[in-house]
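Here's the structure we're looking at; comments come further down.
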Amino acid sequence: MLDLKFIRDNVEAVKANIQNRFMDADADLVVELYGKYNESLSKLEDLRAQRNDNASKMKGKLSPEERNSLIEQGKELKSQIAELESETTDLKSKLSSEASKIPNMAHPDAPIGKEDKENFQIKVCGTVPTFNFKPLDHVQLGEKLDLIEFERATKVSGSKFYFLKNQAAILELALTRYAIDILMKKGFKVSITPDIAKVDILEGIGFNPRGEESNIYSIEGTDMCLVGTAEITLGGYHAKEIIDLSNGPIFMAGISHCFRREAGAAGQYSKGIYRVHQFTKIEMFVYCKPEESDSIHEQLREIEEEIFNGLEVPFRVVDTCTGDLGSPAYRKYDLEAWMPGRGENGDWGEITSTSNCTDYQARRLGVRYKDDEGKTVICHTLNGTAIAISRALIAIMENNQQEDGSIKIPSILVPYTGFDVIK
RNA sequence: GGACAGGUGUCCGAGUGGUUGAAGGAGCACGCCUGGAAAGUGUGUGUAUCGCAAGGUACCGGGGGUUCGAAUCCCCCCCUGUCCGCCA
């Protein structure tokens, strides 16, 4: 959520930003509701002051007439307060629902554009492989080597589920441990996080689980959801807290399952395990001071690069354009791995993403810290994918396939897998 | 899941309808005392929000209710502890 005062004082900039992001939000309406809410609230507070004043007059001994007259006044105030309270609550909920539609401001350098085609390519790392044979996609490889099974998963759970089998299962564990080892060395505190979170935490992070197009599974009869990412639980971890940042930013890593509805997503570009209802992800999350977030964002991107350079996966880094940023992000970098089985002759496919959400999430979650002057300030939060297993598997399988149909394991993973080839 | 017992400020802990934003103590901060320290002693010490300020409002686990007035009475929920049951 943006600061309401900021919206009020910078409506034009906020409106321009909404337009750049191709989002549907009404800044003017927010300003109007904010004004009405404040007016209503100050009237209400005035009435409450009168009520408190009236009540304190009745502390001592009074004549019956005086007492009765005060009680009458009190009753009158009481009904006025009740009326104004419901009006104020009403305005507040309208205000908060309209305000939550307004996206975060974007970094001045974030490319302006509507779709991912307009993302700005920063660099390419590694070499796109050339094959002297027709490379298979991961679905074919997975079937031939008995690594991924879709049909029975569909029988058991539905489409876009899968059994990761045999060496692919080991590969998930190996990738997890590989990522965790790197993150621990960088000072991240590791945890395996809950796969379920409450709606208000989801909303604080910027998800809208009740929305029509929500990608989130809600658990019927509860106010809980399956998490789409550990960003939710790691961000909720310090919700409503005043945290201590005097020893530097808080770096957290979470291992979780991620559940996504992916309604309507189908076709060539979501085949196999590229877009699925459930996968495992190792996520980075950082709480820091406002002045630190830009440089930490670069650090997170570098860690992602280090992880995938280590895996010998060719990838490029893009600066995500405003239309593709999502609500909470101020700036976002994606790593896109080369996937030889994607599209006609291979294509880039997103494998990680790191966002600087500035104070957008922390404001609603109530995560603050005390600055040097003892003032309470809203933190900045950042998140980034260390490894999303399913997409990392695609990149590893498709890039490292060999003519005999086997898959070579990146050498850095061999100590974790115990095998160096899948055949 | 069942039965009790609890949930008050940074912490411990008093408080069962109005003079309590909250006794008392600890801690912390700043003084005094001391050669220095401990002890002692004095003063101060919550958060959020609106406001230039004065000041207002809200907050005693959360939500609702009763009342002119609620930390205090009533209802619902949550959490913690202990015991029992069940279980990986």
Side-chain angles (χ1 to χ4, degrees), chain A residues 1-10 30-97 99-100 191-204 219-225 233 236-247 255-257 287 290 359-379:
Chain A
M1 193 172 73
L2 281 185
D3 182 16
L4 293 170
K5 278 186 214 158
F6 176 86
I7 298 174
R8 183 188 62 195
D9 299 339
N10 301 276
V30 170
V31 172
E32 185 195 324
L33 286 169
Y34 185 47
K36 282 186 180 166
Y37 168 70
N38 273 338
E39 196 183 325
S40 178
L41 184 64
S42 74
K43 270 194 218 155
L44 177 62
E45 289 188 346
D46 190 53
L47 283 174
R48 281 177 178 160
Q50 287 180 47
R51 177 197 61 193
N52 292 347
D53 188 50
N54 178 269
S56 71
K57 279 184 192 155
M58 266 181 276
K59 279 170 190 166
K61 284 212 163 92
L62 294 170
S63 69
E65 303 88 74
E66 280 178 301
R67 179 165 291 271
N68 280 332
S69 135
L70 286 172
I71 288 176
E72 281 313 309
Q73 282 175 40
K75 283 186 177 172
E76 173 59 27
L77 285 168
K78 187 182 177 170
S79 79
Q80 286 177 25
I81 286 171
E83 195 181 324
L84 205 53
E85 259 173 358
S86 81
E87 184 188 314
T88 309
T89 311
D90 210 46
L91 281 168
K92 191 181 183 176
S93 81
K94 273 187 201 142
L95 172 62
S96 121
S97 96
S100 69
S191 53
I192 296 176
T193 56
D195 287 338
I196 288 176
K198 295 181 183 171
V199 168
D200 58 330
I201 300 292
L202 276 280
E203 287 175 344
I219 301 172
E220 198 177 353
T222 71
D223 63 345
M224 298 183 293
C225 303
T233 41
Y237 188 86
H238 283 301
K240 295 175 205 155
E241 291 182 19
I242 292 177
I243 57 176
D244 183 6
L245 292 179
S246 61
N247 299 317
I255 305 169
S256 82
H257 291 121
Y287 298 91
D359 61 4
Y360 191 86
Q361 298 178 323
R363 177 169 294 106
R364 181 169 266 202
L365 289 170
V367 190
R368 293 152 300 164
Y369 75 100
K370 298 267 191 201
D371 71 7
D372 297 337
E373 281 125 49
K375 240 183 94 192
T376 308
V377 181
I378 298 172
C379 298

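Labels below follow one simple rule: chain letters A, B, ... track the order of the sequence lines, proteins then strands, and each chain is numbered from 1. When reading the values below, keep in mind they use all heavy atoms of this one structure, side chains included, and skip hydrogens, waters and symmetry mates.
Comparing the same atom, P, in B:G81 and in B:A88 gives a spacing of 23 Å after rounding to whole Å. Across B:C79 and B:G25, the matching P atoms stand 36 Å from one another, rounded to whole Å. If you take atom C1' in B:C60 and the same atom in B:G17, they sit 15 Å apart, rounded to whole Å. The P atoms of B:C33 and B:U19 are separated by 41 Å, rounded to the nearest whole Å. Here the separation of B:U10 from B:G44, taken at their C1' atoms, is 15 Å to the nearest Å. Across the P atoms, B:A37 and B:C32 are found 11 Å apart, a figure rounded to whole Å. With P as the reference atom, B:A53 and B:U80 are 42 Å apart, rounded to whole Å. B:U20 and B:C12 have their P atoms separated by 24 Å, given to the nearest Å.
A donor-acceptor distance shorter than 3.5 angstrom exists from the side chain of A:R363 to the backbone of A:M1, with no hydrogens or angles considered. A distance-only check finds a donor-acceptor pair linking the side chain of A:T88 to the backbone of A:L84 [under 3.5 Å].
Remark: P of B:C50 and CG of A:L44 are 15 Å apart, rounded to the nearest angstrom. Summarising the geometry, the separation between NZ on A:K92 and P on B:C50 is reported as 11 Å, rounded to the nearest angstrom. Across the protein-nucleic acid pair, A:L4 atom CG and B:A48 atom P stand 18 Å apart, rounded to whole Å. Put simply, CG on A:D3 is 15 Å from P on B:A48, counting in whole angstrom units. When rounded to the nearest whole Å, the span between NZ of A:K43 and C1' of B:U49 equals 19 Å. Between the P atom of B:A58 and the CZ atom of A:R48 lies a distance of 6 Å, rounded to the nearest Å. As rounded to whole Å, 13 Å separates atom C1' of B:G9 from atom CD1 of A:I242. Rounded to an integer number of Å, the gap from A:Q50 CD to B:U57 P is 11 Å.
Counting any heavy atom pair closer than 4.0 Å across all strands shown, A:K198 reaches no nucleic acid atom.
To the nearest 0.5 Å, atom CG of residue A:N38 and atom OG of residue A:S40 are 9.5 Å apart.
In this structure, A:Y237 places its OH atom where only 12 or fewer heavy-atom neighbours from other residues, nucleotides or ligands lie under 6.0 Å away. For A:I71, the CD1 atom sits in a packed shell: over 12 heavy atoms of surrounding residues, nucleotides or ligands are nearer than 6.0 Å. Annotation: A:E83, atom CD; neighbour count of heavy atoms from other residues, nucleotides and ligands within 6.0 Å does not exceed 12.
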Exercise. Run the side chain to side chain contact (heavy atoms under 4.5 Å, CB included) check on A:I243 and A:C379 step by step: do they pass?
Worked result: CA-CA 9 Å; A:I243 57 176; A:C379 298; 3.7 Å; yes

Exercise. Do A:N68 and A:E65 pass the side chain to side chain contact (heavy atoms under 4.5 Å, CB included) test, and can you show the C-alpha distance, the side-chain angles, and the key distance before you say yes or no?
Worked result: CA-CA 5 Å; A:N68 280 332; A:E65 303 88 74; 5.9 Å; no

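The base-pairing partner of B:C33, taking Watson-Crick or G-U wobble contacts with both distances under 3.5 Å, does not exist among the strands shown. With a cut-off of 3.5 Å on both Watson-Crick or G-U wobble distances, the partner of B:U10 is given as B:A26. Using N1 to N3 plus N6-O4 or O6-N4 for Watson-Crick, or N1-O2 and O6-N3 for G-U wobble, each under 3.5 Å, B:A58 pairs with B:U47. Remark: B:U66 base-pairs with no nucleotide in the shown strands. Criterion, Watson-Crick or G-U wobble with two distances under 3.5 Å. Pairing of B:U82, defined by two Watson-Crick or G-U wobble distances under 3.5 Å, is identified with B:A3.
For B:A48, the OP1/OP2 oxygens have a side-chain nitrogen or oxygen of A:T376 closer than 4.0 Å.
RNA chain B is contacted by both A:S56 and A:R368; A:S56 maps to the nucleotide lying nearer its 5′ end (nearest heavy atom per residue).
The residues A:R48 and A:E85 are annotated as salt-bridged, a charged nitrogen and a carboxylate oxygen being separated by less than 4.0 angstrom.
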Seminar exercise, completed: A correct 5'-to-3' footprint of nucleotides 63-70 of chain B, with B, S and - meaning base, sugar-phosphate only and no protein heavy atom under 4.0 Å, is ----BBS-

